[in-house]
Amino acid sequence: MSFTTPQGVEPFIVSKFFYNKEAAALDYYMKHDGYAAAKKSLAMTPDDVIAEVKKSNLRGRGGAGFPTGMKWSFIPKQSSVPKYVVCNADESEPGTFKDRAIMTYSPHMLIEGMIIAGHAIGSHIGFIYIRGEYVREAEMLEKAIDDAYAKGVLGNKVLGTDFKFDLYVHRGAGAYICGEETGLLNSLEGKRGEPRVKPPFPAIKGAFGGPTVVNNVETLAAIPWIMTNGGEAYAKMGKFPNSGGTRLFCVSGHVNKPGLYEFPVGSVTIRELIYNYCGGILNNRKLRAVIPGGSSAPVLAPHELDIPLDVEPMMKAGTMLGSCGVIVIDESFPLVKAIRVITHFYAHESCGQCTPCREGTRWMEDVIYRIENGKGTLKDVELLSNIAANINGKTLCALGDAAAGPVASFVAKFRSDFEDLIRGGHNA
Amino acid sequence: MSKLLSEDFYKEIKKIKPRYPTNQALLLPALHLAQKEYGWVSKEVMDEIASAIDIPPSVVREVITFYTMYNLKPVGKYHLQVCTNISCCLRGAEDLMHHCEKKLGIHAGETTRDGKFTINHVECLGACGTAPVIQINDDYHENLSPEKIDKIIAELT
C-alpha cells in the first residue's frame, strides 16, 4: 500500500505511525507509550473517562459527526444483558480509505481505544466489524489481538487490573449498508444487513439486544491521545465550536498527490488542501467539481472551495464533511457520467426495505443514463430533482438521502451539463 | 451422508462459537470459511452450514443472497474484481476493465474456458487514494495501469 505523506503537517495523532511497517507490532507500540492511556483510564472512574471525552469535543469520524462522549453517556449504567463496544470498520463510503491505514499501521491504537470505551460504558466484549474485502487488514487485526491476549493487554485481567475485556474481529461480506450502524448490528448477528427502525437506538438495544456503542475506527483511535493529553488539549485544536482534534482527509481523483492528510479540524480549506498539499490538479487541467465528504456529500462547484473543512461550515454550504473523502473531478471527466456512476452505486447498494430508495435510486440511474446517451428530454432534468426530493428524508436510514443529495446538487449546480447532452451538445 | 466441509471448518466453528450469544451470528463466518474451501457456496454446502450451526436452511439462503462477496456459482481460480466506482473511474478504471476483458477474452461476469480467471465489476473497495484498484482473490492491487495488470496476469498464468 502506498500513500502520499504530507510534509510538515503537525500534529499527527491517528497518522502518527503511518507508513512505518514496524509500528503495527505490539512491542513497538508499547515502546512508544502504547497502552499508557488505557492504564491511566482504567485507574479513573468510567464517569471521569466519559467527561474527558466529552471535553475533547470529539465527533464521530464515520460520517454523521455525532459527539462521541455524548454517545457513550447514553449507555445505561445497569444492564441485565451484556453491553457491547462495536467498532465500525466497514469503511464503505466511496472516496474513503483512512480506516484501512489506521488498521494497517496502528491496530493497537484502535484496540487501546476500544478497551477505554469498554471501561467507560461498562462493557466487557468488543467486536471489530470490518468490511469483508479487507482480508489482509482483518488478518493484521487478528494478529494484533492475539499478541494483546498473550501480553495480558486483553482478557480477564486487562493490563494487570480487574477489568475484563474480550475483543473479536467479525468480517462483513460486501454490502455498503452495513456501514450504517443498525445494518451493521444486524449483519453482526448473522442477518441481512438491513437497517432497523429507530428507536430503540443501539445505546439501549444494540448488538444481540444489549446496550451498544458503535464507533468508527478513527474515532476510537483518537481516544488514547485524548486520555493521555487531556480532552481540553484535543478540543483546542479545533477551529470551530464543538468540534475538536484532527481529521484524516482522504483525497482521491484528479489531484497530483492523492492520499491521506491529517489536519486539525477546520484549519484547512478545500482549496488549500487541493493546491497546497495535494499538488494541485493533474496535468494542470481545470478543476470542475469537488465532492467533499464521500460520494454521499452534495457536490461543490469551483467557486465554493474556500470553505474550511469542518462539520459546521460544510453544513452551512449545503454539503457535508461526512467521512472526509474528498473526491476531486477535473474538466476531462463528464460530470453527468460522474453522477451516473455514483447513482448506480446507491441503486446497487439500496437494501430494498424502503420503496422511495429502492425504486427511486434505480429510476434516477435510468434517467441519468438516458440523458448521458443523448436520449433525454429537458423534462428529465426536472424529473431528477423531483425524484431526489421524493427520496430525501423518506427512508429509514441515511442511504436515501445519500443518493438524493448528490443528484439534486449535480442538477442544481451543473444543469447546463445535462442540458447540453439533451440538446445534442458534447460532454462539457 | 458424507460431509462436504472439512474438519478444519468444524474446528473453527467450534472455536468461535463462544464469542456469540446466538447461533445465527456464526453464519457470516461460516460462509466465509466454506467459500475458502470451495471458492463458492453451493446449495448442498448451504444446507450443511445450516445443520452445522443449527439454523433453518431458509435463513442461510435469505442471508447469503444479501451479500455480494459470496459466490453462488463457481468462479475461476483467480477472481479479478475491478473497482468501477467514482474514484477509480476518475483514474481510468473503465479502460482498465476493457483492457482486462480483451486480454482474457471474456466479459465481466464470465470465466475463462480453462477455469483460471473470472472478471467482475465491484463497488468501492476503500482504496481510492491508490486508484485504480483490482482485488484478485484476497489481495488488492493498486495504482494500476494496463501495463501493470498485464504483468500481474502474466505471473498468474
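So you know, we letter chains A, B, ... as the sequences are listed, proteins then strands, and number each from 1. Only a predicted model underlies this, so the values are computations on that prediction, with no experimental measurement involved.
- Taking 4.5 Å as the limit, some side-chain heavy atom of Ile177(A) sits within range of a side-chain heavy atom of Phe66(B).
- Taking Ser295(A), Gly172(A), Pro82(A), Ser92(A) one by one and counting their heavy-atom pairs under 4.5 Å with chain B, the maximum is reached by Gly172(A).
- Between chain B and the options Glu91(A), His170(A), Lys337(A), heavy-atom pairs under 4.5 Å are most frequent for His170(A).
- Here the side chain of Tyr140(B) pairs no donor or acceptor atom with the backbone of Arg136(A) at under 3.5 angstrom.
- Within a 6.0 Å sphere centred on CZ of Phe208(A), other residues, nucleotides and ligands contribute more than 12 heavy atoms.
- Within a 6.0 Å radius of NZ in Lys77(B), other residues, nucleotides and ligands contribute 12 heavy atoms or fewer.
- Contacts between residues 81-96 of chain B and chain A, defined by a heavy-atom separation under 4.5 Å, are made by Thr84(B), Asn85(B), Ile86(B), Ser87(B), Cys89(B), Leu90(B), Arg91(B), Glu94(B).
- The contact list for residues 50-63 of chain B toward chain A, using heavy atoms and a distance under 4.5 Å, reads Glu62(B), Val63(B) by residue number.
- When heavy atoms are compared at a cutoff of 4.5 Å, Ala127(B) approaches chain A by way of both its backbone and its side chain.
- For a residue to count as touching a neighbouring chain, one of its non-hydrogen atoms must lie under 4.5 Å from one of that chain's; by this rule Val326(A) does not touch chain B.
- Residues of residues 111-126 of chain B that come within less than 4.5 angstrom of chain A, heavy atom to heavy atom, are Glu123(B), Cys124(B), Leu125(B), Gly126(B) in numerical order.
- Only the backbone of Glu189(A) comes within less than 4.5 Å of a heavy atom of chain B; no side-chain atom from C-beta onward does.
- Within residues 11-32 of chain B, the residues having any heavy atom under 4.5 Å from a heavy atom of chain A are, by residue number, Arg19(B), Tyr20(B), Pro21(B), Thr22(B), Gln24(B), Ala25(B), Leu27(B), Leu28(B), Pro29(B), His32(B).
- By the 6.0 Å contact criterion, NZ on Lys205(A) is open, its count of non-hydrogen atoms from other residues, nucleotides or ligands being 12 or less.
- Only the side chain of Glu349(A) comes within contact range of chain B, with at least one heavy atom under 4.5 Å from a heavy atom of that chain.
- Interface residue Phe127(A): only side-chain heavy atoms are found under 4.5 Å from chain B.
- Options Gly193(A), Ala175(A), Cys250(A) differ in how many heavy-atom pairs under 4.5 Å they form with chain B, and the most are formed by Gly193(A).
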